[in-house]
Amino acid sequence: MSDNFAWTKKDLLGLEYLSAGEITRILDTAASFKEVSTRDIKKVPALRGKTAVNLFYEPSTRTRVSFEVAQKRLSCDVVNMDMKASSVLKGETLADTGRNLEALKIDIFIIRHSYAGAANVLSKFVKGSVINAGDGKHEHPTQALLDIYTLREKFGKVKGLNVTIVGDIEHSRVARSNIWGLTKLGANVTLCAPPAILPKYADKFGVKVTSDIDEALKDAHAVNVLRMQFERDDLKAFPTPAQYFKTYAVTKERLKKCRPDIIVMHPGPMNRGLEISTDVADGKNSVILEQVTNGIAVRMAVLFLTSSAVRRGE
Ligand code: CP
């Protein structure tokens, strides 16, 4: 359990910028919020009178809806901007969009953007909380927090767990946030991908790196399967989807050689039959939909804590 220190960060831009104690505090706060979603009346007044805007410059299903559900469960007013019908199309900058929304007395800004660092930029121009909902290849902190929350819920701890991340690590903001969060909390992280898409930065984090999926899964308590982003130009040549499935997909056959209690995670959206087989995605080791449910409590915790820092003027 974390100490009950005063939260000082108004923004959540990435897990790189949080201490182990701060990550644990978010997880503990999420645990206390989880019960709210099981009530008949799924609402608490924690953010009554506050207004959040959801700025999704890139598509999203889980993250966008999960943030909106979390905001409503905290009694926060919500504005969902349609970025395709906004003045961004007339050339308005992110800074001006932020300043104008703040003039409309918005308190909380959730942003997903294709540019790495977009959330950091916005946070320089607004006094309210900025929460990164995924920025380019940089970070997706609330996804990693809900992944880590799910791990902790399943195994009762994070320290000492063997967590394998397999798939398109090079292009993945989910991988980066997971690596920061898991290593800070003392998990043993293994990255597994074809050599061409194993990131150059891997050594820096003290993680294990391999291109052998069976070796990567051998002692794993959990495998986090990432989507193969075949739409990326630099993945057009290698490997083909069929080759990838044969060599790297998490399948029932591969799971037979793993710990019986291994949990299978995926941030979504899944490519069934590409990085994961359907029998594994829907099988007894899968916690994929539990991750989605846990995302609500984790985002409630992040909204609550960051807003508490704004209230105190930090
Ligand atoms: N995990 C995730 O970010 O999914 P969405 O793109 O649907 O939000």
Side-chain angles (χ1 to χ4, degrees), residues 12-16 26-27 30 52-73 78 80-84 108-119 122 130-151 153 163-182 193 222-232 235 250 263-272 274-276 280-282 286-303:
L12 177 66
L13 304 176
L15 297 196
E16 177 180 0
I26 293 173
L27 301 179
V53 65
N54 295 322
L55 302 161
F56 279 72
Y57 291 81
E58 273 193 338
S60 167
T61 296
R62 282 147 290 271
T63 312
R64 203 201 65 73
V65 176
S66 178
F67 265 113
E68 184 174 348
V69 170
Q71 290 152 352
K72 288 179 171 168
R73 301 244 154 115
V78 183
N80 288 307
M81 263 189 78
D82 177 357
M83 302 320 294
K84 289 201 178 69
I108 301 164
F109 301 78
I110 313 298
I111 179 167
R112 169 170 288 192
H113 206 289
S114 57
Y115 289 105
L122 181 61
V130 175
I131 300 171
N132 182 3
D135 61 329
K137 295 200 298 184
H138 176 220
E139 284 225 33
H140 191 347
T142 57
Q143 178 65 48
L145 287 166
L146 73 90
D147 293 343
I148 297 168
Y149 182 95
T150 306
L151 272 171
E153 195 173 58
V163 182
T164 293
I165 303 173
V166 59
D168 193 351
I169 294 159
E170 173 65 23
H171 296 109
S172 176
R173 54 198 177 205
V174 175
R176 279 171 183 71
S177 287
N178 263 280
I179 292 166
W180 280 116
L182 287 167
V223 56
N224 200 344
V225 190
L226 302 180
R227 185 172 78 86
M228 279 302 289
Q229 301 186 31
F230 275 107
E231 72 275 15
R232 305 265 184 188
L235 275 191
V250 176
I263 62 167
V264 178
M265 303 195 286
H266 195 305
M270 274 187 282
N271 292 312
R272 290 169 182 262
L274 209 174
E275 69 262 0
I276 189 167
V280 171
D282 302 332
S286 170
V287 295
I288 294 168
L289 293 178
E290 288 173 59
Q291 288 172 262
V292 177
T293 302
N294 288 336
I296 301 170
V298 163
R299 291 181 174 113
M300 287 171 80
V302 169
L303 289 161

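Counting starts at 1 for both ligands and their atoms, following the listed order. Because only heavy atoms are used, hydrogens play no part in the values below, and waters and symmetry mates are left out as well, while side chains stay in.
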Asks: My understanding is that only one of I110, N132, L303, T142 makes a side chain to side chain contact (heavy atoms under 4.5 Å, CB included) with L12; could you say which?
Replies: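 Filter result, single survivor: T142.
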Asks: Where is the nearest protein heavy atom to atom 2 (C) of ligand 1: which residue, which atom, and how far?
Replies: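 Answer for atom 2 (C) of ligand 1: T63 OG1, 3.5 Å.
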Asks: Among I165, L15, V163, which one satisfies side chain to side chain contact (heavy atoms under 4.5 Å, CB included) with I179?
Replies: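 Output: one option passes, namely I165.
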Asks: Would you say R62 has any N or O atom under 3.5 Å from an N or O of ligand 1, going by distance alone?
Replies: yes
Asks: From D135 CG over to Y57 OH, what is the distance, rounded to the nearest 0.5 angstrom?
Replies: 13.0 Å
Asks: So if I count the atoms of ligand 1 from 1 in the order they appear, which ones are less than 4.0 Å from some heavy atom of T61?
Replies: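 In order of numbering, the contacting atoms are 5 (P), 7 (O), 8 (O).
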Asks: Any non-hydrogen side-chain atom of K137 less than 4.5 Å from a side-chain atom of H171?
Replies: yes
Asks: Can you confirm, on distance only, whether ligand 1 has an N/O atom lying under 3.5 Å from any N/O atom belonging to P269?
Replies: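 For ligand 1, there is no N or O atom that lies under 3.5 Å from one belonging to P269.
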Asks: What's the shortest distance from atom 6 (O) of ligand 1 to any protein heavy atom, and which residue and atom give it?
Replies: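 Its nearest protein heavy-atom neighbour is R112 NH1, 2.9 Å.
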Asks: Might you point out which heavy atoms bring R176 and E170 nearest each other, and give the distance in Å?
Replies: NH2-O, 3.3 Å
Asks: Mark up the atoms of ligand 1 that fall under 4.0 Å of a heavy atom belonging to G268, in ascending order.
Replies: 1 (N), 2 (C), 4 (O)
Asks: Between CE of M265 and CD of Q143, what distance do you get to the nearest 0.5 Å?
Replies: 9.0 Å
Asks: Please write down residue, atom name and distance for the protein heavy atom closest to atom 1 (N) of ligand 1.
Replies: P267 O, 2.8 Å
